[in-house]
Amino acid sequence: MEKIKMTTPIVEMDGDEMTHILWKMIKEELICPFIDLKSEYYDLGLENRNATNDQVTIDSANANKKYGVAVKCATITPNAARMTEYDLKEMWKSPNGTIRAILDGTVFRAPITVKGIEPYVRTWKKPITIARHAYGDVYKNVEMVIPGPGKAELVFTGEDGSEQRETVFDYKGAGVLQGMHNLNSSISSFARSCFNYALDTKQDLWFATKDTISKKYDHTFKDIFQDIFDAEYKEKFEKAGITYFYTLIDDAVARVMKSEGGFIWACKNYDGDVMSDMISSAFGSLAMMTSVLVSPDGNYEYEAAHGTVQRHYYKYLKGEETSTNSVATIFAWTGALRKRGELDHLPELMQYADRMEKAVIQTIESGKMTKDLALITSLKDVTVLNSEDFIKAVRTTYENM
């Protein structure tokens with residue numbers, strides 16, 4: 001079989017621990033035998049980030065902007081324990097956060113559904129995609145511990161010397177204080193990414209905040225979304241036969257639980273963080289969750305929604321057998337290759353991605369799966385495969401399709 005040719009590279013961002021091991025297996029078994037892979041490689045493993053003072057992460061994000069499509073392995077965001085384990089110069093920032101900031105992107109996460117792994121919410125028939133704003137709010141907050149009585153004020157001093165001042169609270173005793181911010185430019189990018197992704201995937205878009213309580217902060221999100229939709233996307237949505245819907249976050253939660261799914265749910269940063277885990281858990285497993293970062297100017301970075309599977313990696317280092325779920329990482333590769341094929345007008349590359357994803361699903365639905373899925377499936381008499389054998393089983397399925 002002649003390998004599928006590529007014309008433009010994808011950016012390949014390698015990562016850490018067990019997902020790094022799976023990365024190599026996936027390339028050897030599922031990518032390189034079928035595709036003449038063109039990639040610009042960046043090692044985002046923690047040791048190399050430390051050696052380059054994290055410049056490699058910045059370089060990989062700029063390469064993503066150059067080539068338009070990237071695929072990323074899961075990476076470690078170090079804590080105090082990792083500082084010691086890897087002898088780090090400093091506690092480097094989350095690579096995902098750095099890449100999101102450079103691309104000004106929005107994260108879209110959706111479950112991979114298979115027969116035999118049923119959603120815990122019985123009404124859900126189709127995947128629900130979470131669109132998470134990836135800037136500001138509690139993740140860039142400023143906090144204080146208040147030791148005793150006093151007045152807390154919110155003060156903004158303009159470049160021209162003008163001042164806005166609001167009393168936050170008159171403390172009668174000890175407490176805590178938090179300040180958050182966001183940017184109209186970031187909210188606008190979030191909105192456009194959501195509207196563009198809805199058009200790309202032909203799905204309705206829901207957006208929810210708490211503007212009845214937060215009459216300036218959250219209301220600004222609501223207003224910017226509506227203004228951009230009315231000015232730039234309303235006719236496009238009507239032509240595509242999809243809708244944009246705004247509601248309060250608590251109403252959205254109630255509606256989601258009674259829905260059939262099949263839509264994009266756009267959330268502010270914290271809401272999206274929490275709700276994406278709820279969606280993934282309710283659909284079965286975080287290891288069965290795709291994640292794609294989309295910038296408003298059309299750059300894409302595909303990855304798995306889960307982490308580096310540290311516990312399995314330590315077993316692997318001891319020579320013990322692991323049964324690590326590689327599905328989301330495989331789908332990161334197929335998502336990136338499909339988008340590359342779409343942008344470069346290479347239908348055979350898009351067909352490869354579709355076929356490989358079907359092979360993954362068929363393998364699981366035939367009863368061959370990793371241990372995490374075997375514990376929750378309704379299928380009978382399943383075969384539990386180790387990490388490598390599952391990937392090889394997918395290859396067999398693909399070749400026999």
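Quick caveat: nothing in here was measured; it's all calculated off a predicted structure. Here, residue 1 is the first one in the sequence, and each next residue gets the next number.
- Shown here is K93, whose NZ atom has no more than 12 heavy atoms of other residues, nucleotides or ligands within 6.0 Å.
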Inset, instruction - Run the numbers on T308 and T19 for side-chain hydrogen bond (donor to acceptor under 3.5 Å, both in side chains), then give the verdict. - result: CA-CA 5 Å; T308 59; T19 44; 5.4 Å; no
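- Residues E388 and K392 are paired through a salt bridge, judged by an N-O separation under 4.0 Å between the basic side chain and the carboxylate.
- T106 and C194 make their closest contact through CG2-SG, 4.3 Å (heavy atoms, listed as atom of the first residue, atom of the second, distance).
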Inset, instruction - Check the pair T201, Q203 against side-chain hydrogen bond (donor to acceptor under 3.5 Å, both in side chains), reporting the backbone distance first and the verdict last. - result: CA-CA 6 Å; T201 59; Q203 294 184 87; 3.1 Å; yes
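- Annotation for D160: atom CG counts as buried by contact number, over 12 foreign heavy atoms lying within 6.0 Å.
- Ring-plane geometry between F207 and F190 is classed as perpendicular, the angle between the planes exceeding 60 degrees on a 0 to 90 degree scale with a lower cut at 30.
- The minimum heavy-atom distance between A134 and R100, with the atom names listed, is CB-CD, 3.0 Å.
- Between R338 and D354 there is a salt bridge, with a side-chain nitrogen of the basic residue lying less than 4.0 Å from a carboxylate oxygen of the acidic one.
- Sparse packing is recorded around OH of Y316, with 12 or fewer heavy atoms of other residues, nucleotides or ligands lying under 6.0 Å away.
- Checking E348 against Y352 by side-chain atom types alone, no donor-acceptor pair falls below 3.5 Å.
- Looking at V327, T324, L22 one by one, the single match for side chain to side chain contact (heavy atoms under 4.5 Å, CB included) with F390 turns out to be V327.
- Enclosure of atom NZ in K315 by more than 12 non-hydrogen atoms of other residues, nucleotides or ligands within 6.0 angstrom is indicated.
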